[in-house]
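All values below were derived from every heavy atom in this structure, side-chain atoms included, with hydrogens, water molecules and symmetry-related copies excluded. First the proteins, then the strands, lettered A, B, ... as listed; each starts at 1.
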Number of protein chains: 2
Amino acid sequence: MAVGTIRLTMAAAKPRRIPEATVIRLPVYQRILLELVRGGTATVASDQLAEMARVNASKVRKDLSFLGSFGTRGSGYDTKYLLSQIDRELGIDGDWPVAVVGLGNLGRALANSQGFTSRGFRVCSLFDVEPSLVGDQVRGLMIHHLDDFETVVADDPPSIGVIATPAGAAQDVADRMIAAGVASLLNFAPKVLTVPATVLLRYVDLSIELQVISFYLSHRDEPGTTEEWSPLSLAVGLTPTEPG
Amino acid sequence: MAVGTIRLTMAAAKPRRIPEATVIRLPVYQRILLELVRGGTATVASDQLAEMARVNASKVRKDLSFLGSFGTRGSGYDTKYLLSQIDRELGIDGDWPVAVVGLGNLGRALANSQGFTSRGFRVCSLFDVEPSLVGDQVRGLMIHHLDDFETVVADDPPSIGVIATPAGAAQDVADRMIAAGVASLLNFAPKVLTVPATVLLRYVDLSIELQVISFYLSHRDEPGTTEEWSPLSLAVGLTPTEPG
DNA sequence: GTTTGTGAAGTTATTCACAGCG
DNA sequence: CGCTGTGAATAACTTCACAAAC
């Protein structure tokens, strides 16, 4: 590209500002590309990607064009290269230490999951209050008592705090994480949290997913409704910061 | 509930068609209202709801107006009543049997979670292939061997199938679920699935959440970017069906 | 006075449709 | 030819702003 497009000063910095809707789809393309690369597919056209992501092909092309123009007309996109560009854009080259509080089934599943232990993410510390868990190891990391939270995270400050506790403990854990300087929270507890507007807060609520499903199942046969719902995106979560 | 409210006979069907963006926020309001009701709050104004949901107040009012007009000018919304209306709209009065395949940490956490065992949802059967798990009970339900899937679900056909297996097993499980008539899948395995367009497919990918977070953390200090990202919605997942 | 509900205005996202490159 | 990249057209969503209702 190097679209001569303005922004000149000292040569062509990209005019980028990636739309939110696109940002949300990038991880989806990323995952698809990862599978393609692993499966040995070297190039992919926008309409194939679109089919796999279950979106429209021009949307794919538009989305990717915000990153630059990496496609080859006539053949498509180089999977490896495109993946590396998406990774870069998503900040995957960074180091993102993650602290997990709550090591019940869910916390354990998270701490063990690929997503938390690859591509820049790294579980750095684990906490619980349950005496029978404290001292145990998960993936080679010891579970600390929550009482030691401040001390432990001082050594290796997490960027992301994961709350996988029961609802009753969640707000307290959030407060302590924020006080310790954690910039973003991922909350799995079924509890609405109150945090400062500067904190990036995302909820993952498994029941919310179910309810969106039940909504579509309930309505799929209503007259005139049938073909028109294309339940986009996915769902879940409250959101950080309003601009105003 | 048992609101005498209309739905009169056969006059005046509302002109309703709830925008997708609204549908995605309804479960968020729902959860907030549930906490308010439990905490004994009887009424709530749109700007309070908005603050808790971290969205704009007119968005809240507009969203709620698609359900009908249940607010009282001057004081706000009756929490209980509003909650019941959202529940109704989300199809919560239905019966949604859920089959879970894969009872590792994640599957267990799901089967035990409130979201899967309340408000219309009901875990109806559990499956795994691991001999040491088959025959165990989780919340009073026996874990069946996946080999018996077709037989077991014939008795109590699930509306929703949850895939919490390793990636390698996910497509096979999906195929069997679809063949057995399951209308919607919730996939937690890190695998892109191929399913017919009529199947409602949602992905929950914990690493996608992390990556959206890392995107915002990476970009929050770029010049001109700081205040403007209001990372809406939430994100995750591929999507079912395109209309075209 | 307070807060809803909603047209109208403004913004953002999607889709079309085609020129341009390989 | 095939497929990308992108302006222009369309559609969806958000926000404003205020009249009406309590």
Nearest-angstrom distance from the residue atom CZ of A:Arg17 to C1' of C:dT11:
15 Å
Measure the spacing between OH of B:Tyr203 and CZ of A:Arg31 and express it to the nearest 0.5 Å.
6.5 Å
Any chance you could measure A:Ile24, atom CD1, to A:Ile18, atom CD1, to the nearest 0.5 Å?
12.5 Å
Just how large is the angle between the end axes of the helix from C:dG1-D:dC22 to C:dG22-D:dC1, five pairs per end, to 10 degrees?
10°
Interatomic distance where CZ belongs to A:Arg54 and P belongs to C:dT14 [whole Å]:
17 Å
How close or far is atom C1' of D:dT6 from atom CG of A:Asp63, stated in whole angstroms?
13 Å
Which distance, rounded to the nearest 0.5 Å, do you find between the CD1 of A:Ile160 and the CZ of A:Arg122?
11.0 Å
Restricting to pairs with a member in residues 171-186 of chain B, which pass salt bridge (charged side-chain N to carboxylate O under 4.0 Å, His left out), not counting sequence neighbours?
B:Glu150-B:Arg176
What is the distance from CZ of A:Phe66 to C1' of D:dG5, rounded to the nearest Å?
11 Å
Considering residues at least two apart in sequence or located in another chain, which fulfil the side-chain hydrogen bond (donor to acceptor under 3.5 Å, both in side chains) criterion with A:Thr79?
none
Can you tell me how far CZ of A:Phe121 sits from CZ of A:Phe116, rounded to the nearest 0.5 angstrom?
8.5 Å
Once salt bridge (charged side-chain N to carboxylate O under 4.0 Å, His left out) is applied, what residue pairs with a partner in residues 69-82 of chain A remain, sequence neighbours excluded?
none
What is the distance from CG of A:Leu82 to C1' of D:dC3, rounded to the nearest Å?
14 Å
Going by side chain to side chain contact (heavy atoms under 4.5 Å, CB included), name the residues that satisfy it together with A:Ser84, two or more places apart in sequence or in a different chain.
A:Tyr81
Below the 4.0 Å mark, does D:dG2 have OP1 or OP2 next to a side-chain nitrogen or oxygen of A:Tyr77?
no
Apply side chain to side chain contact (heavy atoms under 4.5 Å, CB included) to A:Thr194 and list each qualifying residue two or more places apart in sequence or on a separate chain.
A:Gln171
Validation: residues 182-190 of chain B side-chain donor-acceptor distances under 3.5 Å, sequence neighbours left out:
unit_1, atom_1, unit_2, atom_2, d
B:Ser184, OG, B:Ser159, O, 3.1
B:Asn187, OD1, B:Ala189, N, 2.9
B:Asn187, ND2, B:Ala189, O, 3.2
B:Asn187, ND2, B:Lys191, O, 3.0

Please round to the nearest 0.5 Å and tell me the distance separating atom CG of A:Leu36 and atom CZ of A:Arg38.
11.5 Å
Interatomic distance where CD1 belongs to A:Ile18 and P belongs to C:dA13 [whole Å]
12 Å
List in chain and number order the residues that pass side chain to side chain contact (heavy atoms under 4.5 Å, CB included) with A:Gln30, two or more places apart in sequence or in another chain; answer none if no residue qualifies.
A:Pro27, A:Leu83, A:Ile86, A:Asp87, A:Leu90, A:Ile92, A:Arg119, B:Gln211
For DNA chain D, what residues of residues 41-49 of chain B have any heavy atom nearer than 4.0 Å?
none
Protein and nucleotides 10-13 of chain D: nitrogen or oxygen contacts under 3.5 angstrom:
unit_1, atom_1, unit_2, atom_2, d
D:dC13, OP1, B:Ala21, N, 3.4

Which pairs of donor and acceptor atoms, one on a side chain in residues 42-53 of chain A, lie under 3.5 Å apart (sequence neighbours left out)?
unit_1, atom_1, unit_2, atom_2, d
A:Ser46, OG, A:Arg61, NH1, 3.1
A:Gln48, OE1, A:Ala45, N, 2.8

Produce a footprint string for nucleotides 16-22 of chain C: one letter per nucleotide, 5' end first; B if the base is under 4.0 Å from any protein heavy atom, S if only the sugar-phosphate is, - if neither.
BB--BBS
